[in-house]
Amino acid sequence: MDHFTLAGVGIGPSNLSLAALLDGIDEVHAAFFDRRPRFQWHPGLMFPSARMQTSFLKDLVTAVDPTNPHSFLNYLVRHGRFYPFLAREQACVGRREFADYMEWVARRLPTLRFGADVGEVRLGARGFELWGEEGRLCVAEHVCVGTGRTPAVPECTRPFLGPRCFHAQGILERELSVAGRSVVVIGGGQTGAEVLLELLQGRWGDPARVSWASRRLNFEPLDESPFTNHLFTPAYVRLFHGLPPSTRAALLEHQRLAGDGISLATLQALHDVVYELHATGRAQLVELLPGRELQGMRPGFELDLRCRLDGAHERLHADVVVLCTGLDDRLPRCLEGLSERLALADGHLEVGPDFAVAWDGPRHHRLFAVNAGRHSLGIAESQLSLAAWRSATIINEVLGRPHFDTEATSLVRWPVAANGPTTRAPACSRREAGRP
């Protein structure tokens with residue numbers, strides 16, 4: 001049995017970033033565990049045309065360590081694609097290429113242990129104990145849990161989950177045929193748009209009809225404007241954490257399109273396909289239904305919808321229902337044994353600005369959580385944008401000193417209380433203003 005400074009549970013992009021930045025820091029003896037046989041990033045949603053919604057510079061390491069050998073730029077150089085990539089002049093890369101980059105990093109890191117399922121994290125006399133089916137895997141002074149978010153499934157659909165009603169998370173790994181069938185896609189985000197586009201292009205056969213229903217009042221684009229991008233900065237994350245819970249909840253809803261809108265390229269491609277269907281007399285093949293709330297589901301896949309625009313109710317029949325209803329932050333399974341010692345708010349972990357979970361355990365044993373603190377730290381916490389900065393923050397905490405520079409300049413002055421006391425200059429007189 002090994003004893004580690006830091007043990008990671010789950011090897012997704014977040015903990016992979018942490019492992020990449022720890023590579024070469026001899027003071028931290030680390031190991032990362034995952035039940036899967038190898039690194040994979042959402043293989044069930046790797047559509048050929050899908051693109052990242054973040055810049056390639058927001059990779060696993062570059063934001064805090066631009067000379068790190070595990071950067072995306074080094075990946076391009078090692079694969080002989082640096083100059084062809086520059087010729088494309090695009091900041092956002094294909095999702096498949098970025099997944100291949102992360103798999104390349106995973107193969108280079110000796111601290112990753114696949115095929116090891118951590119079922120429970122316990123607190124023992126020497127620190128945290130990680131337990132699996134075969135017994136105790138290791139002991140660690142600190143633990144970082146990065147098991148990812150879980151598919152959100154509407155309650156009314158749960159009794160019907162199966163081969164013809166399912167969450168879209170692993171749709172490409174299913175043996176799916178919709179030829180001649182009526183399909184309803186629920187959810188108006190990026191995944192819903194991508195699934196609809198693939199359905200209309202005949203990936204799983206030619207459906208008789210496809211309906212796209214979304215609670216959102218329109219099919220809206222991702223907000224990628226410059227000042228919105230400042231929501232994905234260290235300064236804003238720190239501000240967000242200090243706000244009252246009610247304010248944080250309101251901001252998450254207000255900022256939804258900053259992290260959960262549809263890429264403009266996807267919307268344009270989808271609009272072109274729908275237009276062509278109308279122009280060629282096949283308008284009946286697709287139905288776009290924004291502003292619809294799913295209120296119930298009956299046997300035979302009868303969906304009850306309420307229109308948010310006029311309050312009217314309508315019923316849809318479906319042979320296949322694809323739920324593109326997003327992901328939830330839930331208490332990771334491995335932490336259920338510690339749940340009484342954790343600070344929870346509506347079932348969500350309370351995560352601090354150093355990404356440590358609030359709990360009543362000893363302070364010299366830190367429990368970190370990544371991609372699990374959206375309600376505490378804002379929309380950036382469920383995105384790749386700040387993965388490297390977040391990892392660097394955790395490493396500094398584990399080392400007890402600033403190994404990485406995690407400070408960053410902000411162009412935006414957030415509320416006064418978040419910037420210390422300030423003195424407002426008195427209003428000038430008419431004469432000082434140049435008036436008679």
Side-chain angles (χ1 to χ4, degrees), residues 44-51 53 92 94-96 154 157 163-224 257 260-294 297 300-310 312-326:
L45 287 174
M46 284 295 163
F47 300 117
S49 61
R51 302 192 66 75
Q53 293 184 322
C92 295
R95 200 181 296 163
R96 282 183 169 181
T157 67
R164 295 192 298 114
C165 177
F166 53 87
H167 195 278
Q169 184 72 2
I171 191 170
L172 290 178
E173 298 173 313
R174 290 179 172 271
E175 294 184 5
L176 180 63
S177 174
V178 300
R181 294 179 168 181
S182 296
V183 183
V184 174
V185 177
I186 303 291
Q190 179 70 23
T191 299
E194 291 176 352
V195 168
L196 180 66
L197 187 58
E198 296 291 327
L199 283 165
L200 294 178
Q201 292 175 337
R203 170 177 282 276
W204 300 286
D206 295 325
R209 184 180 184 83
V210 181
S211 301
W212 187 21
S214 170
R215 186 181 182 279
R216 305 179 193 191
L217 296 176
N218 201 354
F219 304 111
E220 298 172 306
L222 182 73
D223 185 351
E224 299 180 281
L257 292 178
D260 193 26
I262 305 170
S263 296
L264 186 57
T266 303
L267 283 175
Q268 290 172 331
L270 186 55
H271 191 274
D272 286 347
V273 171
V274 174
Y275 178 84
E276 285 298 321
L277 290 174
H278 279 253
T280 55
R282 296 176 291 162
Q284 74 281 359
L285 294 179
V286 62
E287 187 175 36
L288 305 180
L289 303 170
R292 268 45 169 211
E293 291 180 329
L294 177 62
M297 186 170 177
F301 290 8
E302 295 287 341
L303 304 176
D304 295 323
L305 304 176
R306 175 186 174 275
C307 180
R308 297 179 62 203
L309 297 173
D310 58 12
H313 291 262
E314 60 186 320
R315 184 172 297 176
L316 287 182
H317 168 76
D319 299 310
V320 178
V321 177
V322 185
L323 302 170
C324 303
T325 42

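Nothing here was measured: the structure is a model prediction, and the numbers come from that model. If you read the sequence from its start, that first residue is 1, and numbering goes on from there.
Counting all heavy atoms, side chain and backbone alike, Cys324 lies closest to Val195 at SG-CG2, 4.0 Å. Considering every non-hydrogen atom in both Thr325 and Pro154, the closest pair reads OG1-CD, 3.8 Å. Pairing each heavy atom of Pro207 with each of Leu199, the nearest pair is CD-O, 3.7 Å. Nearest approach of Ser49 to Glu198, heavy atoms of both residues: OG-OE2, 4.1 Å. Leu277 and Val286 make their closest contact through CD1-CG1, 3.8 Å (heavy atoms, listed as atom of the first residue, atom of the second, distance). Listed here is the closest heavy atom pair of Ala168 and Leu45: O-CD2, 3.3 Å.
Judged as a side-chain hydrogen bond (donor to acceptor under 3.5 Å, both in side chains), the pairs with a partner in residues 276-291 (not counting sequence neighbours) are, in order, Arg209-Glu287, Ser211-Glu287, Thr280-Arg282. Residue pairs meeting the side-chain hydrogen bond (donor to acceptor under 3.5 Å, both in side chains) criterion with at least one member in residues 166-178, sequence neighbours excluded: His42-Gln169. Residue pairs meeting the ring-ring contact (aromatic ring centres under 6.0 Å, His included) criterion with at least one partner in residues 180-214, sequence neighbours excluded, are Trp212-Phe219.
Residue Gln201 holds its CD atom at 9.0 Å from CZ of Arg203, rounded to the nearest 0.5 Å. Distance check, rounded to the nearest 0.5 Å: CD of Glu314 to CG of Leu303 gives 10.5 Å. Between atom CG of residue Leu197 and atom CZ of residue Phe47 there is a gap of 9.0 Å, rounded to the nearest 0.5 Å.
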Applying side-chain contact (heavy atoms from CB on, under 4.5 Å), run through Val321 and Thr157 and close with a yes or a no.
CA-CA 9 Å; Val321 177; Thr157 67; 5.6 Å; no
>> Applying side-chain contact (heavy atoms from CB on, under 4.5 Å) to Leu305 and Leu294, what does each step give before you reach the verdict?
In response: CA-CA 5 Å; Leu305 304 176; Leu294 177 62; 3.9 Å; yes
| task | Start with the C-alpha distance between Leu316 and Leu289, add both sets of side-chain angles, then the distance that settles side-chain contact (heavy atoms from CB on, under 4.5 Å), and finish with yes or no. | result | CA-CA 11 Å; Leu316 287 182; Leu289 303 170; 3.6 Å; yes
Original post:
Hey, mind stepping through Leu200 and Leu270 against side-chain contact (heavy atoms from CB on, under 4.5 Å) and telling me if it holds?
Top reply: CA-CA 9 Å; Leu200 294 178; Leu270 186 55; 4.1 Å; yes
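Under the 3.5 Å distance criterion, the side-chain polar atoms of Asp310 are matched with a main-chain donor or acceptor of Ala312. In this structure, the side chain of Arg96 engages the main chain of Met46 through a donor-acceptor pair within 3.5 Å. Using modelled atom types, one side-chain atom of Arg292 and one backbone atom of Pro290 make a donor-acceptor pair closer than 3.5 Å. At distances below 3.5 Å, at least one donor-acceptor pair connects side-chain atoms of Arg51 with backbone N or O atoms of Cys92.
Atom NE2 of His271 is surrounded by 12 or fewer heavy atoms from other residues, nucleotides or ligands within 6.0 Å.
When the ring pair (Phe, Tyr, Trp, His ring centres under 6.0 Å) test is applied to Phe301, no partner is found at least two apart in sequence or on another chain. Looking at residues two or more places apart in sequence or on another chain, you find no side chain to side chain contact (heavy atoms under 4.5 Å, CB included) involving Asp206.
A heavy-atom distance below 4.5 Å is not found between the side chains of Arg215 and Leu217.
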Please list every donor-acceptor pair under 3.5 Å in which a side-chain atom of residues 260-269 meets a protein atom from a residue at least two apart or in another chain.
{"from": "Asp260", "atom 1": "OD2", "to": "Arg216", "atom 2": "NH2", "distance (Å)": "2.5"}
{"from": "Ser263", "atom 1": "OG", "to": "Gln53", "atom 2": "NE2", "distance (Å)": "2.9"}
{"from": "Thr266", "atom 1": "OG1", "to": "Gln190", "atom 2": "NE2", "distance (Å)": "3.1"}

